[in-house]
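Scroll down for the structure; my scribbles are underneath it.
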Amino acid sequence: MRDPRSPHRRHPQVVVGYEPGDEHAVLEALAQAHLRGGTLTVIAAAPLPDGLLLRCRTAIAGLDVRLPPEGADLTEALLDHAEREHAALLVVGLPRRGVDDLLGGRARLVVLDAPCPVLAVPEPEGTGCPAPAEAVTMGA
């Protein structure tokens with residue numbers, strides 16, 4: 001029998017970081033988990049909105065939402081989980097702060113230290129910021 005933490009497990013795990021405003025990243029991570037026939041783990045700095053949580057629960061069989069201990073760094077929690085659980089993909093939201101900041105603070109740290117490919121998902125149009133390019137995948 002295979003070890004469920006093995007990198008060759010049957011259902012690849014997609015991991016996404018969430019804080020308020022990252023709903024677009026969670027939805028993309030959900031789509032990626034569905035495409036891969038995998039599971040979704042949300043490492044959340046705050047509880048997910050009820051509508052988003054319901055959408056995730058009804059769209060995929062394997063959903064795990066984790067709130068790091070109060071005061072814990074979301075980026076560290078995200079990277080630690082991805083490494084420990086051999087995640088297939090990490091998903092982070094990109095804030096639209098401006099053209100000079102291609103990767104936000106958390107996204108930059110995740111890309112630099114991630115143990116797996118990273119999908120950076122920009123905020124959708126209509127947030128009052130310039131339209132971004134499509135999502136950027138980085139890593140192996």
Side-chain angles (χ1 to χ4, degrees):
M1 177 160 50
R2 290 183 179 166
D3 179 349
R5 293 179 208 164
S6 159
H8 304 291
R9 67 185 184 193
R10 289 172 55 163
H11 302 289
Q13 186 178 126
V14 174
V15 180
V16 61
Y18 171 80
E19 55 188 0
D22 286 340
E23 291 79 6
H24 62 289
V26 174
L27 292 173
E28 181 60 32
L30 180 63
Q32 292 295 322
H34 188 267
L35 284 171
R36 289 169 165 74
T39 61
L40 176 63
T41 298
V42 181
I43 307 295
L48 272 68
D50 290 340
L52 180 60
L53 186 58
L54 179 62
R55 186 167 176 183
C56 290
R57 284 189 174 147
T58 57
I60 194 165
L63 174 67
D64 184 17
V65 178
R66 297 175 182 223
L67 296 170
E70 191 171 326
D73 181 71
L74 182 63
T75 302
E76 285 183 30
L78 186 62
L79 291 169
D80 288 346
H81 181 85
E83 185 172 349
R84 185 177 56 253
E85 299 297 325
H86 304 285
L89 180 68
L90 268 170
V91 179
V92 293
L94 287 180
R96 292 208 198 186
R97 293 193 184 119
V99 199
D100 295 334
D101 190 19
L102 174 62
L103 292 177
R106 179 171 12 108
R108 180 177 293 121
L109 292 172
V110 169
V111 166
L112 292 174
D113 294 331
C116 61
V118 176
L119 177 64
V121 184
E123 284 179 311
E125 291 188 43
T127 59
C129 298
E134 294 197 18
V136 178
T137 305
M138 300 176 183

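The nearest pair of heavy atoms linking C116 to A87 is CB-O, 3.3 Å. The nearest pair of heavy atoms linking Y18 to P47 is CE2-O, 3.8 Å. Minimum interatomic distance between L74 and P68 (heavy atoms only, all atoms of both residues): CD1-CG, 4.3 Å. Contact between E19 and A45 at its shortest, heavy atoms only, is CB-CB, 4.0 Å. Counting all heavy atoms, side chain and backbone alike, L40 lies closest to A33 at CB-CB, 4.2 Å. In terms of heavy-atom proximity, A25 sits nearest to V121 at CA-CB, 4.4 Å.
Residue L90 forms a side chain to side chain contact (heavy atoms under 4.5 Å, CB included) with just one option from V16, L79, L119, V14, and that option is L79.
Hydrophobic cluster membership differs between I43 and L67, with clusters built from Ile, Leu, Val, Met, Phe, Trp and Tyr side chains linked at under 4.5 angstrom.
Note that the CG atom of L78 and the CG atom of D113 stand 11.0 Å from one another [nearest 0.5 Å].
Heavy-atom contacts from other residues, nucleotides or ligands closer than 6.0 Å to CD of E83 number 12 or fewer.
Contacts of R57 classified as side-chain hydrogen bond (donor to acceptor under 3.5 Å, both in side chains), with partners at least two apart in sequence or in another chain: none. For D64, the side-chain hydrogen bond (donor to acceptor under 3.5 Å, both in side chains) criterion is met by R66, not counting sequence neighbours.
Side-chain contact check for L27 versus L52: some heavy-atom pair is nearer than 4.5 Å. Annotation: side chain of E28 is in contact with side chain of Q32 (closest heavy-atom distance under 4.5 Å). The shortest distance between side-chain heavy atoms of L63 and L53 falls below 4.5 Å. Residues R36 and L89 have side chains in contact (heavy-atom distance under 4.5 Å, counting atoms from C-beta outward). Side-chain contact between V26 and C56 is present, with at least one heavy-atom pair separated by less than 4.5 Å.
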| request: Would you sort out whether H81 and T41 count as a side-chain contact (heavy atoms from CB on, under 4.5 Å), showing the intermediate values? | output: CA-CA 9 Å; H81 181 85; T41 298; 3.5 Å; yes
